Amino acid sequence: MAPHPTDRRGADQRFDVNLSILFTELPLLERPAAAAAAGFTAVELWWPWTDTPTPPRAELDALKKALDDAGTRLVGLNLYAGRLPGPDRGALSVPGEESDRFRANIEVAAEFAASVGCTALNALYGNRVEGVDPAAQDALALENLVLAARAAGRIGATLLIEALNKPESPRYPLVSAESAIAVVDRVNAATGLGNAAFLLDLYHLSMNGEDLNEVIDRYTARTGHVQIADNPGRGAPGTGSLPLQELLDRLDKAGYEGWVGLEYKPGSRPSAEAFGWIAN
């Protein structure tokens, strides 16, 4: 019998589906049911409302109902990150309106996460802004991340800090595991809560040319969530050259027990057909 997608393979890995990159051929409220039909009980999302950090209560309630009706648990949620997908890579270090939007989103996102049992909030750092001192952006980022970490702490959640890849995000300053871990350390030092953690995305780190085995060995204990896609192409495992099963096994041996988010493109096929690798 083929393993169920949410069973952990080998050393019992658990997979969740990112509904902001898979099943996007469907309206948002239909995606949880589609993921459930494909055999998943857990999903994650980028902030679904790219045009507002504070959507109407009715829209939040509708998404909660869609998740509940499908029997899917939301295990990861991005805080407001600007236009994503699109040119933005977060808002929290961008002075002015975007920083204000991020702050307005913190309590809304935390309250929604608490209502659906989500205990991981991802805070994308934001691009460098031409003409703005990077040190000023970093100071603003720390202020906003401290606010987010405290809100996450109030609901028993982890605040995730993610490294992206430089080829696709050239103005994003966190393009190595080490740089993201440094921010995690600064946030934890500032709050004393210890609830900031690293989001280890094997695709992004591989695009940056990092030694993935070394990253896993050094930082698994600091990791709050894992995401995967193959490289090149950001497709399903087996479409590129990354030894993803070996890397996931290494994570297990290093003590990682959390969710593994499937954050890859389905290609030209329907998303429901993009999980055949799990049975291999």
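Only a predicted model underlies this, so the values are computations on that prediction, with no experimental measurement involved. As a basis for the values below, the full set of heavy atoms in this structure was taken, side chains included, without hydrogen atoms, waters or symmetry mates.
- Note that CG of L212 is 6.5 Å distant from CG of L242, once rounded to the nearest 0.5 Å.
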Apply side chain to side chain contact (heavy atoms under 4.5 Å, CB included) to residues R222 and I181 and explain how you reach the verdict. CA-CA 8 Å; R222 316 289 302 283; I181 288 287; 3.7 Å; yes

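- Considering every non-hydrogen atom in both D230 and G240, the closest pair reads OD2-N, 2.9 Å.
- Judged as a salt bridge (Lys or Arg N to Asp or Glu O under 4.0 Å), not a single pair has a partner in residues 26-45 (not counting sequence neighbours).
- Here salt bridge (Lys or Arg N to Asp or Glu O under 4.0 Å) pairs that include residues 158-181, with residues two or more places apart or in two chains, number zero.
- Each side-chain hydrogen bond (donor to acceptor under 3.5 Å, both in side chains) pair with one or both residues in residues 187-199, not counting sequence neighbours, would appear here, but there are none.
- Side-chain atoms of N122 and N78 form a donor-acceptor pair, as typed in the model, at a separation below 3.5 Å.
- Within the structure, ring-ring contact (aromatic ring centres under 6.0 Å, His included) contacts touching residues 48-70 (residues at least two apart or in different chains) are W47-W49.
- Take S169 and apply the side chain to side chain donor-acceptor pair (under 3.5 Å) test, not counting sequence neighbours, and it matches R89.
- Side chain of S179 to backbone of L174: no donor-acceptor contact under 3.5 angstrom is found.
- We find that E257 and R14 are not joined by a salt bridge, their nearest charged nitrogen and carboxylate oxygen being 4.0 Å or further apart.
- Residue pairs meeting the salt bridge (Lys or Arg N to Asp or Glu O under 4.0 Å) criterion with at least one member in residues 100-120, sequence neighbours excluded, are R57-E111, E97-R101, E98-R101, R103-E143, E107-R154.
- A pairwise comparison of heavy atoms in I216 and L247 identifies CD1-O, 3.6 Å as the closest pair.
- For F23 against A272, the heavy-atom pair with the smallest separation is CE2-N, 3.7 Å.
- A donor-acceptor pair under 3.5 Å is formed between the side chain of R269 and the backbone N or O of P266.
- Between the side chains of T220 and T223, no donor-acceptor pair of N or O atoms lies under 3.5 Å.
- Here M207 is tied into one hydrophobic group with Y203, each link being a pair of ILVMFWY side chains closer than 4.5 Å.
- Every residue was checked against the side chain to side chain donor-acceptor pair (under 3.5 Å) condition with E246, not counting sequence neighbours, and none meets it.
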Test log, rule side-chain hydrogen bond (donor to acceptor under 3.5 Å, both in side chains), inputs N144 and S99: CA-CA 8 Å; N144 284 334; S99 172; 3.0 Å; yes

Please evaluate residues H225 and D16 with respect to the criterion side chain to side chain contact (heavy atoms under 4.5 Å, CB included), reporting the C-alpha separation (whole Å), side-chain torsions for both, the decisive distance (0.1 Å), and the verdict. CA-CA 11 Å; H225 190 59; D16 74 84; 3.5 Å; yes

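- Considering only residues two or more places apart in sequence or on other chains, R150 meets the salt bridge (charged side-chain N to carboxylate O under 4.0 Å, His left out) condition with none of them.
- D68 has a carboxylate O that lies under 4.0 Å from a charged side-chain N of K64, or vice versa, which qualifies the two as a salt bridge.
- Under 3.5 Å, the side chains of Q245 and W277 contain no donor-acceptor pair of N or O atoms.
- Considering only residues two or more places apart in sequence or on other chains, R186 meets the side chain to side chain donor-acceptor pair (under 3.5 Å) condition with none of them.
- Heavy atoms only, all atoms of each residue included: L84 and T50 are closest at O-CG2, 3.4 Å.
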Might you work through the ring pair (Phe, Tyr, Trp, His ring centres under 6.0 Å) test for W259 and F40, ending with a clear yes or no? CA-CA 12 Å; W259 292 95; F40 294 89; 9.8 Å; no

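- Partners of D138 under the salt bridge (charged side-chain N to carboxylate O under 4.0 Å, His left out) rule, at least two apart in sequence or in another chain, are R128.
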For a side chain to side chain contact (heavy atoms under 4.5 Å, CB included) check, start with the C-alpha distance between T119 and T158, then their side-chain angles and the critical distance, and finish with the verdict. CA-CA 6 Å; T119 56; T158 298; over 6 Å; no

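- Within the structure, the salt bridge (Lys or Arg N to Asp or Glu O under 4.0 Å) test picks out no pair touching residues 71-80 (sequence neighbours left out).
- The heavy-atom pair separating P53 from N105 by the smallest distance is O-ND2, 2.9 Å.
- Using a 3.5 Å distance cut-off with no hydrogens or angles, the side chains of E25 and S271 do pair a donor with an acceptor.
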As a quick check of understanding, evaluate side chain to side chain contact (heavy atoms under 4.5 Å, CB included) for I21 and Y264, giving each step before the final call. CA-CA 6 Å; I21 195 168; Y264 57 75; 5.7 Å; no

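- No salt bridge links D51 with R83; every basic N to acidic carboxylate O contact stays at or beyond 4.0 Å.
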